[in-house]
Amino acid sequence: MNGWVLDCYADMAENRMVTWVRTNHGVERVVEDFVPRIYVQAPKDRLEKLRGDLALIGVDDTSVVRRRTGLGEREREVLSVAVRDYSAIQPLAVTIDSWGDYRRNLLYDVDLRMDQRYFLRKGIFGMGLVELPGLRSLDSNLRIDYPIPSLSSIELRVQTKGVGIPTFDDPITSVEVNDIVLDGPEGSILEQLQDLVRAEDPDIIYTAKGDSFYLPYLRKRAAENGMELELGRERGERTSRGKSFFTYGRIVYKPPGHKLRGRVHIDRESSFTFRESGLHGLIELSRLSMIPLQDVSRLSPGSAISAMQVNEAVRTGHVILWKKNRPEDFKTAGALIVSDRGGFIYEPRVGVHDGVWEVDFFSLYPSIMVAHNISPETVMCSCCPRSSHTVPELGYRICEKRTGLVPRVLVPILNRRRAYKELKKQGGHKGDMYDQRAKALKWVLVTCFGYTGYRNARFGRIECHESITAFGRDILMRSADIAERRGFEVLHGIVDSLWLKGDGNIRSYCEEIGREIGIPLNLEGRYEWIVFLPNISTGVGALNRYYGKFEGGELKVRGIAVRRKDTPTLVEDLQHDMLKHLSAAGDAPEFEELIPSSLEVLDRHAEEVRSGTVSRDRLVMRKSISRKLEEYVQFNDSVAALRQLRDRGFELQPGQSVEYLIMDSKSRSSWQRVRAAPFLDGDERYDAERYVDLALRGAAELLSPFGWNYQQLRDRDDRRRSKHRQERCL
DNA sequence: ACGGCACGGGG
DNA sequence: GTGTACGTGCCGT
């Protein structure tokens, strides 16, 4: 019998691996013995001494084997140490480390995931096809059109009693499973839920906020009712700890994961990959990273690519250096001198332009890594001191003898993404599935570049990061030169995109660039008109703020309020309505003609705000918080809302968002200044002038190149109001 | 004027 | 089990 690897985890009590296989008839639970190994590097004589010392503390299954301890290095002798007790891996490594002679950086395969170790040893992977019994692989994760089982699922929703923020003490009102509503006394709801899950036996349970609230909540409610709710196929959840961490330039909060056994819990809100690329995106990444579906759903694309790099390294005879970095050395390198304006070439020409082409490179940075063999072990390698392959500006020499680990991992990902985009274009009922897979891969490719400059990445190196941006600048500059030679005017260019105006043959230009550079240049489209916005203080073109209308009517908008998650719905609606109004224009002159009438959209919104009738949820402000309440040094709206929440016993973690209505933006009193969203009744007085001000700023953001900056709109609004008052007096 | 604070990008 | 650094604009003091 054959089936797919649905779930896998370590049984920490028995020191065995548990694998759940989905067959066409149901699921099979497979338990196998598995002994993980760690590796120690030391001079030959010390290896024997170490062996003896280990035997003295009861670690007797050791052997000397040959492995590569660094990328691109030859195999050397290392001591392989079997660790039968799974929970002893880390402590044993710490012990060996403390024995001194073996110094830092000489322990390997210490911090690898158990599932990944096991999969690598067996040659199987998440959602891969295997034979039962024995879990022999019948699949390859390089396959593009692989078979997948139809997974059954339920959607779980929970309603709680109580107002405002739900807490563990609020009883359950009802539970919805798909469209079935379970209600009645709480104990009965929980029993019905348990029966239903057992009867349906789904492979996947979807929730919204299951990790951050509902799964631990249901468990607590079950305990209150003297019962034990079991949502998995086997007892016990695999919970992790929630934490705030610094990533992507900001603090984010990751709630504790609540993973089931033998059944996949996907929290739509805590899974970035699921949100962006759905179940098929997750399956694709599970296969490539070799990590079980449920676990990969909680990983960032950066961790997924890191796992793929580990897999490739292990497959080519490497052991993986123990990464002992603790969060405390998680600061940004002060001496980092990367010109990250790397992508910037042309200052955008502020104002409206018509008949503009946008072209961009297919996955530029990953393509550069592949085309130029950029990898930690290939940039300034020791084997090619006279390499003629060098990085522009920087002069780093790149290995000509061997293909690096990073390109080896990237080639299949780039090829797959291209193939899926092509398959999607061909149409057919699987189009959606291919689209999801392509999206997941896109994110993996995007994060791969950042990862090379990340200090704590296993395979990161800052010179790679520098080299990639240097090649990128060179490529964009050459592409712009060729465009100008072909008679195009370069209006703007950044990272991997160019905006060109002119009558030249754009398709033939793209082909020439593809040939010349070796990376495909895509035609994104032609704008009927596009507006590049200025930097508000300097008046010079801002790099990433523009909006435009493609032929066909689609709008593309970057960097302005509608794209920001801290914009209240009111301002979002205002900008949308103004853009919709302006999109009637077919060229630049028509656009300019529509500007005066677009101000009427603003007037309508301002009037509605002042009438006091705007629904409060359209006025709710949302800001993510970067620290705990007491760490804020400056009083502002968010702090006022946080204080309110704490007054009522609720504490937010850094990375979570605070939501509030502005009631009197000038007040120094928290309760008069704002009202935190959970405490809103819906008929609070709001600070109308403050919201009108936000609307004015929203409008000014769109119209500043056309004689209507914030102050000008402010003055116009004042004039209109006094005129209005005069009319009323007469 | 200046520091504190939050956000985007990529499709 | 976590991409960087930077440009940008608003707000409070």
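Lettering of chains follows the sequences in order, A, B, ..., and the numbering in each one begins at 1. What's counted below: heavy atoms across the whole structure, side chains too, no hydrogens, waters or symmetry copies.
Between the side chain of A:R563 and the base of B:dG11 there is at least one donor-acceptor pair of N/O atoms closer than 3.5 Å.
Closest to the A:D111 side chain, of the nucleotides B:dC5, B:dG11, C:dG1, is C:dG1. Taking the side chain of A:S303 as heavy atoms from C-beta on, and the options C:dG1, B:dG8, B:dC5, the nearest nucleotide is C:dG1.
For the residue pair A:D664 / A:Y686, no side-chain donor-acceptor distance below 3.5 Å is found, with atom types taken as modelled.
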Decide salt bridge (charged side-chain N to carboxylate O under 4.0 Å, His left out) for A:E463 and A:R461; before the verdict, give the C-alpha distance in whole Å, the side-chain angles of both, and the deciding distance to 0.1 Å. CA-CA 6 Å; A:E463 289 85 355; A:R461 195 178 153 197; 3.0 Å; yes

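Residue contacts for A:V446: at a heavy-atom cut-off of 4.0 Å it reaches a base atom on one of the strands shown. Using a 4.0 Å heavy-atom distance criterion, A:K439 is classed as making no nucleic acid contact. A:P366 comes within contact range of no nucleotide atom at all, as no heavy-atom separation falls under 4.0 Å. When heavy atoms are screened at a 4.0 angstrom cut-off, A:R673 is found touching the sugar-phosphate backbone but no base atom. Counting non-hydrogen atoms under 4.0 angstrom, A:L299 reaches the backbone sugars and phosphates but no base.
The six-membered or imidazole ring of A:F119 lies away from that of A:F125, with a centre-to-centre distance of 6.0 Å or more.
Classification of A:R675 and A:E659 as a salt-bridged pair fails, no side-chain N sitting under 4.0 Å from a carboxylate O. Taking 4.0 Å as the cut-off between side-chain N and carboxylate O, A:R545 and A:E701 count as a salt-bridged pair. We find that A:D211 and A:R298 are joined by a salt bridge, their nearest charged nitrogen and carboxylate oxygen being less than 4.0 Å apart.
A:N311 is linked by a side chain to side chain contact (heavy atoms under 4.5 Å, CB included) to A:Q116, A:L120, A:M290, A:R315, counting only residues two or more places apart in sequence or in another chain.
Per the geometry, CD1 belonging to A:I320 stands 15 Å off C1' belonging to C:dG1, to the nearest Å. Between the CZ atom of A:F361 and the C1' atom of B:dG9 there is a distance of 18 Å, rounded to whole Å.
OP1 and OP2 of B:dG9 both lie 4.0 Å or more from every side-chain N or O belonging to A:R564.
Near DNA chain B, meaning a heavy atom under 4.0 Å away, the residues from residues 546-560 of chain A are A:R558, A:G559.
In this entry C:dG9 has B:dC5 as its Watson-Crick or G-U wobble partner, both defining distances falling under 3.5 Å.
Comparing A:S665 and A:E701 along DNA chain C, the residue whose closest nucleotide (by nearest heavy atom) sits nearer the 5' end is A:E701.
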